[in-house]
*Asks:* 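Just passing along the structure, written as structure tokens.
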Amino acid sequence: MRPDELKDKLFIVTEEDGGLSDEQIASLRRYVPTPDDVEMYKSYKGSPSELHLVDQYMMQMCNIPFLSARLDLLLTIRELPISMEDLQPLINQKTRMCSQLWNCKSFMSVLEYLLVVGNYLNENAGKERAKGFRLSSLTKLSQLRGKDRKFTLLHALVEQILLHNPDLAKFFEELTEFEAIPGASIKGLTAEVDVLKNELQKIVQYKKAYKPKNQGNQGLKFHKDLKMAIQKYEADLSQLTKKSEEMKKLYADILVKFAEPPEQDSQELFGWVCTFVRDFKRIYSEIVS
């Protein structure tokens, strides 16, 4: 790109249509002229062609009004669809995790077995019977050992289930999404969707303030392309928001079902279930093999 092409390229929304590349936008944003730069370059009386190439670019940039805002706009337009595309599978995965946990009746039955086993131990230890327990307790089952240090409370649970209801011991086959420790939290994903809404609003506000009639045919086309981009992003973001709300509601239902506090972090809760499923599956395989 020649320095004298810069101004025209700022009127093109996408790189495919001949606009700036993502790398060029990022580079130009780093070198947006300061007020001192503008004053210095505008005081230059010689021929621009006699200047170093970098100075020729700076000269052009100094003559472009609201350059920083335009570069920020172009960068946001490029990044927004990528961010939405990145969030989509993460939200889908969390929704599947919530759905599996909500629908898995066998997991509830396993928890009931665990409560019975726990209360049996409580009675022998002279403690009161428990009416329930936090899901965080699931991670402690492998730490509670008997006289045989290799035999844990989780071993006892697996053995009892295999003895009384062998089919129930395969409950983990219904929780395939819990085979790996989860990454992003539902709260974090929801916050990221809100950030994207704010970014889209910045594009909308720019369009409202933009005066295409003062910019000739280039300005009119830029305004039209901007409008089309906004319409597409609004539709895509609406779908993403809908899926995000569905995910949030499912998780809220999960918290009520398992009597967990409303502020309980999903990443932590899903981590407890993942650890339990992994350890249960390992001991089940050891016993039946």
Side-chain angles (χ1 to χ4, degrees), residues 90 92-189 247 250-289:
L90 296 174
N92 288 344
Q93 185 209 21
K94 292 297 177 291
T95 301
R96 289 195 302 271
M97 292 181 86
C98 289
S99 295
Q100 283 191 358
L101 204 54
W102 176 262
N103 294 314
C104 189
K105 294 179 181 179
S106 58
F107 178 64
M108 290 295 292
S109 298
V110 169
L111 296 183
E112 289 168 2
Y113 264 95
L114 178 56
L115 185 61
V116 171
V117 171
N119 278 328
Y120 173 78
L121 295 175
N122 283 341
E123 287 179 5
N124 286 345
K127 297 179 181 179
E128 291 185 7
R129 290 172 61 85
K131 294 180 180 179
F133 55 88
R134 292 285 306 277
L135 290 179
S136 58
S137 303
L138 295 175
T139 60
K140 301 172 184 175
L141 303 185
S142 296
Q143 301 167 15
L144 297 172
R145 303 176 184 279
K147 291 180 181 178
D148 179 356
R149 303 303 292 170
K150 292 182 179 179
F151 191 84
T152 68
L153 180 55
L154 188 54
H155 284 84
L157 174 66
V158 177
E159 287 188 353
Q160 285 299 309
I161 292 175
L162 282 171
L163 182 65
H164 297 287
N165 192 348
D167 290 338
L168 184 61
K170 296 181 181 180
F171 79 95
F172 49 78
E173 293 178 352
E174 299 176 45
L175 296 175
T176 54
E177 291 293 335
F178 290 84
E179 292 179 358
I181 299 295
S185 70
I186 286 174
K187 185 178 180 180
L189 291 173
M247 171 187 70
L250 277 170
Y251 183 63
D253 291 342
I254 291 289
L255 293 178
V256 172
K257 182 174 185 175
F258 293 100
E260 292 289 333
E263 68 277 5
Q264 176 58 54
D265 179 68
S266 67
Q267 192 172 5
E268 194 174 32
L269 186 145
F270 289 156
W272 298 333
V273 177
C274 282
T275 300
F276 175 70
V277 168
R278 181 194 63 204
D279 292 345
F280 189 103
K281 188 176 180 180
R282 174 177 53 79
I283 292 172
Y284 169 82
S285 299
E286 290 172 0
I287 293 174
V288 299
S289 60

*Asks:* Taking all heavy atoms of Pro262 and all of Leu255, pick out the closest pair and write down the distance.
*Replies:* O-CD1, 3.4 Å

*Asks:* Keeping Tyr251 on the side-chain end and Ser266 on the backbone end, is there a donor-acceptor pair under 3.5 Å?
*Replies:* yes

*Asks:* Just verifying a value: how many Å separate Leu138 CG and Leu114 CG, rounded to the nearest 0.5 Å?
*Replies:*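 Going from the CG atom of Leu138 to the CG atom of Leu114 covers 6.5 Å.
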
*Asks:* What are the two closest non-hydrogen atoms of Phe270 and Cys98, and how far apart are they?
*Replies:* CZ-SG, 3.8 Å

*Asks:* Are side-chain heavy atoms of Met108 and Phe258 found at a separation under 4.5 Å?
*Replies:*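 A side-chain contact under 4.5 Å exists here.
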
*Asks:* Less than 4.5 Å apart, any side-chain heavy atom of Phe276 and any of Phe107?
*Replies:*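 In contact.
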
*Asks:* Are any non-hydrogen side-chain atoms of His155 and Thr152 less than 4.5 angstrom apart?
*Replies:*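 Touching, per the 4.5 Å side-chain cut-off.
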
*Asks:* Check Phe151 against Glu159 and note the closest heavy-atom contact, atom names and distance.
*Replies:*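 Heavy atoms of Phe151 and Glu159 come nearest at CE1-OE2, 3.5 Å.
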
*Asks:* Specify the closest pair of heavy atoms between Gln100 and Phe178, including all atoms of both residues, with the distance to one decimal.
*Replies:*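 Looking at all heavy atoms of both residues, the closest pair is OE1-CD1, 4.1 Å.
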
*Asks:* Out of curiosity, Trp272 CH2 to Lys140 NZ, how far, rounded to the nearest 0.5 Å?
*Replies:*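 Result: 9.0 Å between the selected atoms.
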
*Asks:* How far does CG of Leu189 sit from CD of Gln267, to the nearest 0.5 angstrom?
*Replies:*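 Spacing of CG (Leu189) from CD (Gln267) equals 9.5 Å.
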
*Asks:* Counting N and O atoms only, with roles assigned by atom type, does the side chain of Glu260 sit under 3.5 Å from a partner on the main chain of Leu135, one being a donor and the other an acceptor?
*Replies:*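 Checking the backbone N and O of Leu135 against the side chain of Glu260, a donor-acceptor pair under 3.5 Å is found.
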
*Asks:* Do you know which two heavy atoms are closest between Lys257 and Trp102, and how far apart they sit?
*Replies:* NZ-O, 2.5 Å

*Asks:* Cys274 and Ala180: which non-hydrogen atoms are nearest, and at how many Å?
*Replies:*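 The answer is SG-O, 3.1 Å.
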
*Asks:* Give, for atom CD1 of Ile283 and atom NZ of Lys281, the distance between the pair rounded to the nearest 0.5 Å.
*Replies:* 13.5 Å

*Asks:* Is any side-chain heavy atom of Phe280 less than 4.5 Å from a side-chain heavy atom of Leu157?
*Replies:*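 They are in contact (side-chain heavy atoms under 4.5 Å apart), so the answer is yes.
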
*Asks:* State the CZ-CG distance between Arg96 and Leu250, to the nearest 0.5 angstrom.
*Replies:* 12.5 Å

*Asks:* Side-chain contact test, heavy atoms from C-beta onward, threshold under 4.5 Å: evaluate it for Glu179 versus Phe172 and give yes or no.
*Replies:*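 No, too far: nothing below the 4.5 Å cut-off.
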
*Asks:* With rounding to the nearest 0.5 Å, note down the distance linking CG in Leu101 to CG in Leu269.
*Replies:* 7.0 Å

